[in-house]
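Take a look at the structure below.
Order of the sequence lines sets the chain letters (A, B, ...), proteins ahead of strands, with each chain counted from 1.
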Number of protein chains: 4
Amino acid sequence: MRVNPDSAPAGGGSGRSLTTDARRTQIVTATIETVAELGYARASFAQIAKRAKLSSVRLISYHFEDKGDLFQALVGTVQETARAFMQPRIEARPEPAAQLSAYIEANLEFLAEHPVEVRALVDVLANARREDGSPLVSSTDFDAPVALLVEHLRNGQLSGDFRPFDAEAMATAIRASIDAAANRLSAVDDFDARAYGRELVTLFSLATRNVEAK
Amino acid sequence: MRVNPDSAPAGGGSGRSLTTDARRTQIVTATIETVAELGYARASFAQIAKRAKLSSVRLISYHFEDKGDLFQALVGTVQETARAFMQPRIEARPEPAAQLSAYIEANLEFLAEHPVEVRALVDVLANARREDGSPLVSSTDFDAPVALLVEHLRNGQLSGDFRPFDAEAMATAIRASIDAAANRLSAVDDFDARAYGRELVTLFSLATRNVEAK
Amino acid sequence: MRVNPDSAPAGGGSGRSLTTDARRTQIVTATIETVAELGYARASFAQIAKRAKLSSVRLISYHFEDKGDLFQALVGTVQETARAFMQPRIEARPEPAAQLSAYIEANLEFLAEHPVEVRALVDVLANARREDGSPLVSSTDFDAPVALLVEHLRNGQLSGDFRPFDAEAMATAIRASIDAAANRLSAVDDFDARAYGRELVTLFSLATRNVEAK
Amino acid sequence: MRVNPDSAPAGGGSGRSLTTDARRTQIVTATIETVAELGYARASFAQIAKRAKLSSVRLISYHFEDKGDLFQALVGTVQETARAFMQPRIEARPEPAAQLSAYIEANLEFLAEHPVEVRALVDVLANARREDGSPLVSSTDFDAPVALLVEHLRNGQLSGDFRPFDAEAMATAIRASIDAAANRLSAVDDFDARAYGRELVTLFSLATRNVEAK
DNA sequence: TATGAATGAGCATTCATTCAT
DNA sequence: AATGAATGAATGCTCATTCAT
């Protein structure tokens with residue numbers, strides 16, 4: 001759509017200098033704060049520059065090709081942080097049922113520890129769109145966590161740990177229930193993410209377990 | 001800050017003429033289409049006027065006090081349509097467990113029949129904010145369906161139909177699972193809302209039922 | 001510039017019905033209040049209609065040819081009220097020096113009793129302009145009170161009551177000093193218009209009297 | 001309600017570049033011309049941009065936070081120019097009576113040399129208001145020249161040079177008489193500001209002097 | 001690597017006024 | 001005598017982005 005005219009490092013690329021990486025991180029961090037506070041729709045370059053104490057909005061355009069590039073970087077950053085946080089917790093529990101519980105708990109724990117990042121991520125995933133109205137973050141990226149969850153649920157069904165159900169529907173409900181916590185955290189003052197996680201664990205254990213099994 | 005504009009019919013009130021009501025409906029309908037297509041953030045007066053085939057954006061300002069007024073009208077309209085659709089379906093089933101199933105199914109059925117309205121409603125509820133950043137639709141309005149659901153779940157617990165659980169957490173999960181369908185409908189081409197509804201019915205029946213009972 | 005298309009009574013004319021006159025008065029009164037409160041620049045038809053509790057701005061357009069016509073009516077109304085109030089007070093004192101004092105005192109007394117009208121009048125006279133930027137109220141209308149004052153001062157000089165001075169300059173200073181009271185009244189909470197009037201009487205008595213005389 | 005726009009140089013502050021300062025000056029100058037010609041109410045960004053030959057109205061928003069900021073800059077600029085012009089003239093005459101005469105003459109001389117600036121200043125001071133209707137230029141700023149004059153008059157009374165009178169009332173009359181010249185200059189073609197100044201000097205000398213003194 | 005300056009398109013909203021009854 | 005509905009042209013202002021160092 002647009003070719004970068006500057007000699008800038010904007011394009012995704014790989015060979016980035018240290019200072020550039022630090023700047024990008026700084027800008028993404030400010031973007032996260034801004035989205036969490038004002039919502040995606042009101043998160044303008046001007047607002048972000050203000051929060052990041054940047055001398056000029058130009059610095060954002062310099063380091064990111066366009067707004068889409070910036071928000072994709074945000075999504076990538078938070079998703080990677082989340083993955084790094086959750087993966088060991090989940091992999092520590094090999095059996096399907098335990099792993100599902102670990103998945104839910106890890107998500108809610110991450111939310112409890114990184115509420116700002118999660119709120120920003122959820123908002124961007126739900127609302128960021130291109131000029132033509134299509135979602136900014138490709139449906140596959142968006143569904144990546146759900147797709148993994150679906151696969152995991154199907155494995156549990158094959159092993160007989162989970163009852164037969166539509167794995168996609170179940171995964172959708174699980175992710176939606178988890179993501180809802182981000183909104184509750186904003187709206188309800190004393191919302192306890194971990195307690196909500198424990199309720200979800202029980203809820204989805206009952207909903208998925210195979211009573212006939214073993 | 002802002003004073004009443006022209007002596008227009010804008011402010012809500014009761015005594016509105018037929019022509020005015022027709023116009024308001026026409027504009028709200030166009031707004032629903034616009035939000036469903038472009039998202040709340042991109043739903044400008046110009047886009048709405050285009051879809052409503054209005055001669056001037058001024059007609060919107062004439063019939064609605066401001067943007068907030070328009071979106072509140074949208075929310076009110078869709079919520080009322082939804083209520084009229086779902087209430088009889090839910091009240092036809094008095095027992096707690098059956099009523100919960102009816103609640104879920106009615107919601108998904110409504111979504112299947114009014115996908116555009118629901119998508120617009122969910123988007124506006126999630127994203128519409130005032131200038132100061134506060135949600136346009138008051139948190140209580142927003143939570144009204146959840147609050148009713150909570151009460152309903154607690155009644156089921158008292159009657160022994162439902163197991164003990166945190167009713168607020170359960171209600172949050174149920175609503176989130178239902179609302180997620182609106183997004184799936186946009187993202188997935190052949191998404192079957194009714195089938196998803198049946199899965200949710202089973203899911204939440206297992207998750208709520210009291211095995212010790214009766 | 002513009003011919004009235006409606007069959008309305010808008011054009012100045014003479015043969016106006018009673019209801020029409022009552023309506024015009026009601027609208028002018030509301031305009032006075034609006035200008036006093038918001039200033040000329042912010043006194044829109046919408047604001048005036050709101051204060052006059054008119055059902056539609058259309059009523060204003062119906063009774064007045066355009067905005068200029070309305071504000072000219074305002075000026076005429078207030079000036080006539082002021083003249084009716086002040087003329088007897090001034091004419092009661094035939095000698096030049098006493099008459100000048102009466103002129104000043106009558107003006108300030110009128111201000112004290114009709115602060116809203118005077119503030120509106122001063123604002124409109126100072127700021128109302130046509131589309132091309134020329135003053136709405138013709139310079140001669142505007143200067144009418146000053147012109148009378150000039151003549152009066154010159155008579156006093158001929159009779160030997162006043163010292164020789166530039167009558168126009170003196171008249172300008174007198175009127176400006178009087179009109180300034182309207183602004184002080186808005187800005188200063190406990191401004192005493194009558195006390196200010198007494199100070200002006202002394203001030204301009206000393207400034208105009210002919211010490212060599214008699 | 002309103003957050004800082006682009007990370008522009010708009011906010012006042014100190015560290016402004018040369019180019020920016022030149023632009024700001026250019027815009028303020030064009031604003032002065034526009035206000036003098038069309039009046040405050042009609043001095044829109046579009047009109048100002050036209051007179052400043054700017055490529056876009058956006059340049060104004062870029063260099064000034066909002067309209068209020070621009071007009072405050074205008075007031076500051078003209079007041080500073082006026083102060084620099086008048087202060088040495090006034091301070092050159094230490095005795096109260098002479099100083100008052102110098103004050104009046106300096107004001108009228110400044111008007112004669114900078115009629116456009118003064119007309120704009122008087123118009124903005126009288127009419128510029130915030131959204132809520134409060135004066136844009138704080139009452140204290142506005143009254144600053146009057147307050148100084150009051151103090152000066154009181155000193156003259158203590159020293160016995162001036163007769164007893166209400167210093168505030170006298171100061172109000174003096175300033176009003178001076179400011180009226182700006183309007184006369186617009187309305188009357190051959191108005192002679194310096195001659196008017198000399199008349200005011202005589203007028204207020206007679207009105208303030210202490211006949212019993214010395 | 002960074003930046004100050006500039007820009008045109010778009011935003012919601014207000015304006016006085018006119019059309020049609 | 002009154003009025004509900006409509007309207008196009010402005011308003012101040014924000015947007016992401018580009019130019020030129």
* To do: Return the value, rounded to whole Å, for the distance between atom CZ of B/Phe64 and atom P of E/dT13.
  => 12 Å
* Whole-Å gap separating C1' (F/dA1) and CD1 (C/Ile60) -> 16 Å
* Asked: Of the candidate nucleotides E/dA6, F/dC13, E/dT13, which contains the atom at the shortest distance from the side chain of B/Ser61?
  -> E/dT13
* **For atom CG of C/Leu54 and atom P of F/dG4, their distance in whole Å** => 11 Å
* **5′-ward residue of the pair A/Gly68/D/Gln47 relative to DNA chain F** => D/Gln47
* Structure fact -> Rounded to whole Å, NZ of D/Lys53 lies from P of E/dA6 at a distance of 17 Å
* Is B/His63 near enough to F/dG4 that one of its side-chain N or O atoms lies under 4.0 angstrom from OP1 or OP2? -> no
* Run the ring-centre check on C/Phe71 versus C/Phe64 and record whether the distance is less than 6.0 Å. => no
* Nearest-0.5 Å distance, CD of residue D/Glu65 to CD of residue D/Gln72 -> 10.0 Å
* Asked: How long is the line joining CD of C/Glu65 and P of E/dA16, in whole Å?
  -> 16 Å
* **For atom NZ of A/Lys67 and atom P of F/dT14, their distance in whole Å** => 15 Å
* Asked: Base, sugar-phosphate, or nothing: which does D/Phe45 touch, judged by heavy atoms less than 4.0 Å apart?
  -> sugar-phosphate
* To do: Measure the spacing between CZ of B/Arg24 and NE2 of B/His63 and express it to the nearest 0.5 Å.
  => 8.5 Å
* **Nearest-Å distance for atom pair CG/C1', residues C/Leu70 and E/dT17** => 14 Å
* For F/dA20, the Watson-Crick or wobble counterpart (both distances under 3.5 Å) -> E/dT3
* Asked: Of the nucleotides E/dT13, F/dA5, E/dT3, which has the atom closest to the A/Ser55 side chain?
  -> E/dT3
* Structure fact -> Ranking D/Leu59 and B/Val57 by the position along DNA chain E of their nearest nucleotide, the one closer to 5' is D/Leu59
* Is any side-chain heavy atom of D/Arg23 closer than 4.5 Å to a side-chain heavy atom of D/Leu54? -> yes
* Asked: When you measure from the side chain of C/Arg58, which nucleotide among E/dT1, F/dG4, F/dC13 comes out closest?
  -> F/dG4
* Structure fact -> Sorted by position of nearest nucleotide on DNA chain F, 5' first, the leading residue of D/Ala43 and B/Ser56 is B/Ser56
* For the side chain of A/Arg23, counting heavy atoms from C-beta on, which of F/dG12, E/dA6, E/dA2 is nearest? -> E/dA2
* To do: May I ask you to decide whether A/Glu37 forms a salt bridge with A/Arg42, counting only side-chain N to carboxylate O separations under 4.0 Å?
  => no
* Counting any heavy atom closer than 4.0 Å, what does D/Ser44 reach on the DNA or RNA strands: base, sugar-phosphate only, or nothing? -> sugar-phosphate
* Asked: Which base, if any, makes a Watson-Crick or G-U wobble pair with F/dC15, both distances under 3.5 Å?
  -> E/dG8
* Rounded to the Å, how far apart are C/Arg42 CZ and E/dT13 P? -> 16 Å
